[in-house]
There are 2 protein chains.
Amino acid sequence: MKQKSPVVAPFNLQAIERPLVSVDVVIFTVLEGALHVLLVKRPDDPREPCPGMWALPGGFVDVEKDADLESCALRKLQQKTGVKTPYLEQVGSWGGSKRDPRAWSATHVYFALIPAPESLLQGSNDATWFPVEGQRVRVKLAFDHAMLLEAAVQRLRNKVEYTSLPAYLLPQEFTLSDLQRMYEVVLERPIEKSAFRTRVFAAGLVEEVDKVRAGPNRPAQLYRLAHPREIVYFPRTFSPRKSAED
Amino acid sequence: MKQKSPVVAPFNLQAIERPLVSVDVVIFTVLEGALHVLLVKRPDDPREPCPGMWALPGGFVDVEKDADLESCALRKLQQKTGVKTPYLEQVGSWGGSKRDPRAWSATHVYFALIPAPESLLQGSNDATWFPVEGQRVRVKLAFDHAMLLEAAVQRLRNKVEYTSLPAYLLPQEFTLSDLQRMYEVVLERPIEKSAFRTRVFAAGLVEEVDKVRAGPNRPAQLYRLAHPREIVYFPRTFSPRKSAED
DNA sequence: TTAATTAGTGCTACTGTGCAACTAACTTAG
DNA sequence: CTAAGTTAGTTGCACAGTAGCACTAATTAA
């Protein structure tokens with residue numbers, strides 16, 4: 001049982017019914033040239049809702065452990081992946097009486113970008129990478145997680161059009177071709193090489209690393225982010241000219 | 001299997017401590033050529049936190065009345081303004097142990113755009129329009145509402161650069177000059193008339209209304225939104241060329 | 001040696017913008 | 001009634017940025 005603080009706040013707090021509050025994290029990475037998302041299997045216990053189904057990693061906020069929503073998301077992400085410094089961004093919140101059979105609940109959805117992990121699974125092995133096909137995954141998801149995932153994918157695709165986000169899908173050092181490939185994988189369309197390079201340099205996104213990669217073909221120049229902490233906004237999108245007319 | 005009572009869900013729900021859940025609405029309009037936001041005065045009761053301070057309209061989610069977060073926001077907006085069909089968008093959520101002295105709390109911030117109201121106040125007269133100066137208002141706000149307001153203003157300004165949002169600050173019928181003025185007020189900078197018109201038409205944002213406005217000068221063509229339900233995304237921002245070099 | 005692959009560069013045409021001048025239709029002052 | 005002022009809306013031109021595509025160079029594989 002929880003020990004009540006001896007000093008009760010002098011506030012008059014009406015005892016209204018409180019919703020459940022949770023955080024779900026949509027963790028993206030690129031594996032084998034395709035966008036993947038990490039899902040966990042819910043316990044088979046029939047006293048739990050959606051037993052045995054695949055779901056986004058997440059769960060209830062812990063008012064003891066979690067100082068705020070973002071650190072709650074970070075905690076859950078670290079539990080599943082071991083990654084400590086992902087790109088993490090809030091997608092939105094969904095709350096209502098219908099989404100969890102147990103009670104009125106509100107969930108806070110974050111999406112994260114991490115480089116392709118060497119060991120696919122970490123710790124609890126109920127977690128698996130699923131390819132994102134269109135806006136979805138092949139399996140049926142628990143609760144309204146299919147909708148949450150869709151929103152996260154949409155946000156990601158949209159934001160990739162005009163930001164440096166895909167850099168966080170790569171290790172610290174990468175070639176411009178690597179980076180371009182990340183854009184193409186997420187956006188599911190080719191990008192013009194020349195315009196891509198011009199814009200990346202014009203934005204001051206990267207700085208050179210002076211060693212040279214060994215590889216199957218010509219050694220390519222390695223780069224790293226010039227300002228790893230800030231994401232860069234491009235003045236325009238990567239849209240080809242045609243799509244402006246459609 | 002033993003049949004449970006239909007009232008009690010058959011789920012095993014751990015009795016963890018639940019946060020407070022609230023919704024706050026940042027309601028924008030344009031009055032006298034300046035962006036304004038609606039604030040309400042908190043009760044003077046010293047048993048309430050932040051007594052007598054100005055705050056964003058909002059409050060706790062009511063699990064009986066509110067089907068979901070958005071309808072909760074809409075309910076609070078209608079209470080204060082009487083407006084039934086504003087533009088309403090979620091800005092984000094902020095939750096943590098420190099933001100409300102009473103308990104761990106999570107709030108869900110929406111921003112709304114409404115046309116300039118004829119009667120400034122509706123119903124409860126503790127609500128007042130304040131001009132937005134920079135990212136803030138002149139008064140000190142309750143809780144972390146100054147930060148929430150800042151986030152909403154930033155979202156608004158950012159999104160106005162490449163969407164049709166300012167149309168929702170006008171009545172259903174408006175002239176192109178009216179619309180351009182809304183962009184200029186929100187963005188706090190002049191826009192090129194010629195480019196503005198070209199882009200608005202190219203995007204198919206508006207359709208003509210065949211009556212003509214009576215006014216102090218030449219009657220201007222009236223327009224209305226071609227698709228009032230959908231916001232339009234422009235292929236580029238309204239940024240002048242200089243800012244691309246800065 | 002030759003073909004294939006990939007990194008990186010150069011060139012051109014085109015689109016949309018900034019800028020500014022211009023016309024047209026109305027109001028207001030005298 | 002006239003002249004000046006105001007605003008809606010158009011037109012023309014110079015210029016910046018990039019899409020599209022061809023090209024060079026360096027390496028590997030056969």
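Below, read A as the first sequence line, B as the second, and so on, with proteins coming before strands; counting in each chain starts at 1.
For E192(B), the side-chain atoms get nearest to dC19(C) when compared with the rest of dA19(D), dA8(D), dC19(C). Residue R197(A) places its side chain closer to dT9(C) than to any other of dG9(D), dT9(C), dG18(C).
Counting only heavy atoms from C-beta outward, the side chains of R138(A) and F130(A) never approach each other to under 4.5 Å.
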I'd like a table of donor-acceptor pairs (distance under 3.5 Å, sequence neighbours excluded) in which one partner is a side-chain atom from residues 31-41 of chain A, with atom names and distances.
from	atom 1	to	atom 2	distance (Å)
H36(A)	ND1	A34(A)	O	2.9

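A straight line from CZ of F174(A) to P of dG8(C) spans 12 Å, rounded to a whole angstrom. Distance, F196(A) CZ to dT9(C) P: 14 Å, rounded to whole Å. Spacing between atom OH of Y223(B) and atom P of dA8(D) amounts to 12 Å, rounded to whole angstrom units. Atom-to-atom, CZ of R199(A) to C1' of dT9(C) comes out at 19 Å; the value is rounded to the nearest Å. If you measure from atom CD of Q180(B) to atom C1' of dG18(C), you get 13 Å, rounded to the nearest angstrom. Atom CG in D178(B) sits about 14 Å away from atom C1' in dG9(D), given to the nearest Å. Between the CZ atom of R189(A) and the P atom of dA19(D) there is a distance of 10 Å, given to the nearest Å. In this structure, CZ of F201(A) is placed 11 Å from C1' of dT9(C), rounded to the nearest angstrom.
A donor-acceptor pair under 3.5 Å links the side-chain atoms of S164(B) to the main chain of V232(B), judged by distance alone.
Nearest-nucleotide assignment on DNA chain C puts the 5′-proximal partner with K193(A), out of K193(A) and T198(B). The residue among R181(B) and S194(B) whose nearest nucleotide of DNA chain D lies closer to the 5′ end is R181(B).
Scored by the ring-ring contact (aromatic ring centres under 6.0 Å, His included) test, Y162(B) finds no partners at all (sequence neighbours excluded).
Distances shown here put every side-chain N or O of S177(A) at or beyond 4.0 Å from the OP1 or OP2 atom of dT6(C).
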